[in-house]
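These figures come from a predicted structure and were not determined experimentally. To find a chain, count down the sequence lines: A is the first, B the second, and so on, and within it residues start at 1.
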There are 2 protein chains.
Amino acid sequence: MQKETLCLGLLSLGPRSGYEIKQMFEGPLSDFYSLSFGTIYPTLNNLQADKYVSCKQHSQSKKPDKKVYTITKKGMELMKDNLLSDASSYIRSGNFGDQIKSEFFLLLLFSKYLPKETMNTVLNERVLYLRQKLEQFKYDGPVPGNLDAMRNEKSVSFIRGLASALIETGLNYMEKNRGKLN
Amino acid sequence: MQKETLCLGLLSLGPRSGYEIKQMFEGPLSDFYSLSFGTIYPTLNNLQADKYVSCKQHSQSKKPDKKVYTITKKGMELMKDNLLSDASSYIRSGNFGDQIKSEFFLLLLFSKYLPKETMNTVLNERVLYLRQKLEQFKYDGPVPGNLDAMRNEKSVSFIRGLASALIETGLNYMEKNRGKLN
DNA sequence: ATTATATATATCATTCTGATATATATACGC
DNA sequence: GCGTATATATATCAGAATGATATATATAAT
């Protein structure tokens with residue numbers, strides 16, 4: 001997905017600064033996508049230059065100005081147009097498409113070159129990590145303001161449910177079949 | 001995973017050319033990782049310069065020479081050292097780590113900006129695509145020579161089983177819950 | 001006969017990340 | 001009270017990787 005479309009999409013949930021957009025990528029979204037500051041800030045500047053977003057600077061005493069961006073009508077149109085024209089190309093991507101980069105699976109692929117005790121530790125920690133991830137996805141308590149807008153989206157509930165189901169399946173499989181790696 | 005470690009790992013399965021390494025990334029591995037020609041060829045040249053691989057040129061009438069690389073003892077050592085020292089950093093990556101880039105999930109996130117009929121078509125095609133993927137992962141018939149070495153690895157059976165289980169879970173979830181997106 | 005696909009290596013502009021720079025505020029332990 | 005760590009906030013850039021393109025031929029399909 002183009003970085004412009006993605007930033008506009010997140011701004012469609014409400015006005016935000018570049019820093020806050022980055023924070024959204026560090027929340028639940030982090031498991032599916034991320035953009036770096038080096039991408040977010042230039043993208044917002046370009047979107048502003050082309051009037052897809054407007055910007056209000058909130059001067060803060062001796063911190064850098066907080067630049068809060070708001071999506072414009074023109075920006076909403078661009079976002080919708082881009083989503084529509086690229087929708088079909090996302091069908092084959094991610095979560096069993098062409099974009100998963102699983103270093104963990106690569107490690108498994110070459111696991112025979114590692115000492116058994118190392119692989120045992122790695123698999124144990126992987127299980128712990130996945131359990132922790134699962135808890136995060138199922139967590140329904142309060143979240144910081146920036147992330148709240150996302151939680152209320154129907155699509156986010158759908159994605160969280162799917163992610164939870166996938167992690168549970170992965171955990172069960174790992175626990176039942178890890179013996180087969182030796 | 002460093003490109004050097006990865007190329008060495010694939011060469012540990014048997015001597016191969018850069019073109020054939022790329023082919024392995026287009027097989028079942030494509031769902032988990034990939035490297036481009038622009039990465040593979042320079043990496044192989046560097047590995048050769050540092051004696052981690054040796055190279056035999058097979059001249060072919062009027063095609064470019066086929067350069068078949070073989071991993072050296074020094075190369076095997078580097079690969080094992082790298083795997084060992086980086087193993088712990090792969091625990092949190094991929095398949096619910098920080099490296100999944102799912103454009104499909106992003107599309108779902110913004111699905112409310114798309115016409116219902118578009119989303120319907122997209123979800124239908126996604127289901128078809130996943131069914132096709134599932135068949136590919138379960139397929140146990142003959143494969144081209146390059147890929148055969150991988151099929152015989154225990155770890156590959158493990159990964160294929162895990163991938164199949166994950167896709168099945170994803171399919172079931174999508175079919176049961178797609179109504180909740182509207 | 002033409003088009004598409006496969007073999008085979010190489011290069012490079014564009015893109016993206018991860019790190020770093022800059023500057024301040026606040027919370028925490030001791 | 002003092003140092004340390006973390007959080008806020010934007011910006012830039014070296015280095016790395018991709019995707020596209022160039023080059024050249026063989027073969028299969030239409």
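- Phosphate contact (OP1/OP2 of D:dT18, side-chain N/O of B:Ser34, threshold under 4.0 Å): absent.
- Residue A:Ser17 places its side chain closer to D:dT10 than to any other of D:dA17, D:dT10, C:dT9.
- With rounding to whole Å, B:Leu44 atom CG is found 14 Å from D:dA17 atom P.
- The pair A:Glu175-A:Arg131 meets the salt-bridge criterion, with a side-chain N (NZ, NE, NH1 or NH2) lying under 4.0 Å from an Asp/Glu carboxylate O.
- Distance CD (B:Glu4) to C1' (D:dG15): 13 Å, rounded to an integer number of Å.
- Distance B:Glu26 CD to D:dT18 C1': 14 Å, rounded to the nearest Å.
- A donor-acceptor pair under 3.5 Å is formed between the side chain of B:Lys154 and the backbone N or O of A:Asn182.
- The phosphate of C:dA10 (OP1 or OP2) has no side-chain N or O of B:Tyr41 nearer than 4.0 angstrom.
- Environment of NZ in A:Lys74: crowded, with over 12 heavy atoms of neighbouring residues, nucleotides or ligands closer than 6.0 Å.
- Proximity of A:Thr39 to the phosphate of C:dT15: no side-chain N or O atom is located under 4.0 Å from OP1 or OP2.
- A straight line from CG of B:Leu6 to P of D:dA16 spans 17 Å, rounded to a whole angstrom.
- When the side-chain nitrogen and oxygen atoms of B:Lys22 are compared with OP1 and OP2 of C:dT7, none of them lie within a distance under 4.0 Å.
- You'll find that the side chain of B:Gln23 is closest to C:dT7, out of D:dT10, C:dC16, C:dT7.
- In this structure, A:Tyr173 has its ring center closer than 6.0 angstrom to the ring center of B:Phe158.
- One atom, OH of B:Tyr33, and another, P of D:dA17, lie 8 Å apart when rounded to the nearest Å.
- For A:Tyr19, the listed nucleotide lying nearest its side chain is D:dT8; candidates were D:dA17, C:dT17, D:dT8.
- The OH atom of A:Tyr69 sits 11 Å away from the C1' atom of D:dA9 (whole-angstrom rounding).
- Nearest to the side-chain atoms of B:Pro42 among the listed nucleotides D:dT10, C:dT11, D:dT18 stands C:dT11.
- Residue B:Lys3 places its side chain closer to D:dA17 than to any other of C:dG18, C:dA10, D:dA17.
- A cation-pi arrangement is found for A:Lys22 relative to A:Phe37, the charged atom lying closer than 6.0 Å to the ring centre and inside a 45° cone about the ring normal.
- In this structure, the nucleotide among D:dT10, D:dA17, C:dT17 sitting nearest to the side chain of A:Phe37 is D:dT10.
- The side chain of B:Lys66 lies closest to C:dA8 when the candidates are D:dA11, D:dA17, C:dA8.
- B:Ile40 has its CD1 atom 15 Å from the C1' atom of D:dA16, to the nearest Å.
- Residue-level contact check: B:Gly18 touches the backbone only, with heavy atoms under 4.0 Å from sugar-phosphate atoms and none from bases.
- Whole-Å rounding puts the B:Leu147 CG to C:dA6 C1' distance at 15 Å.
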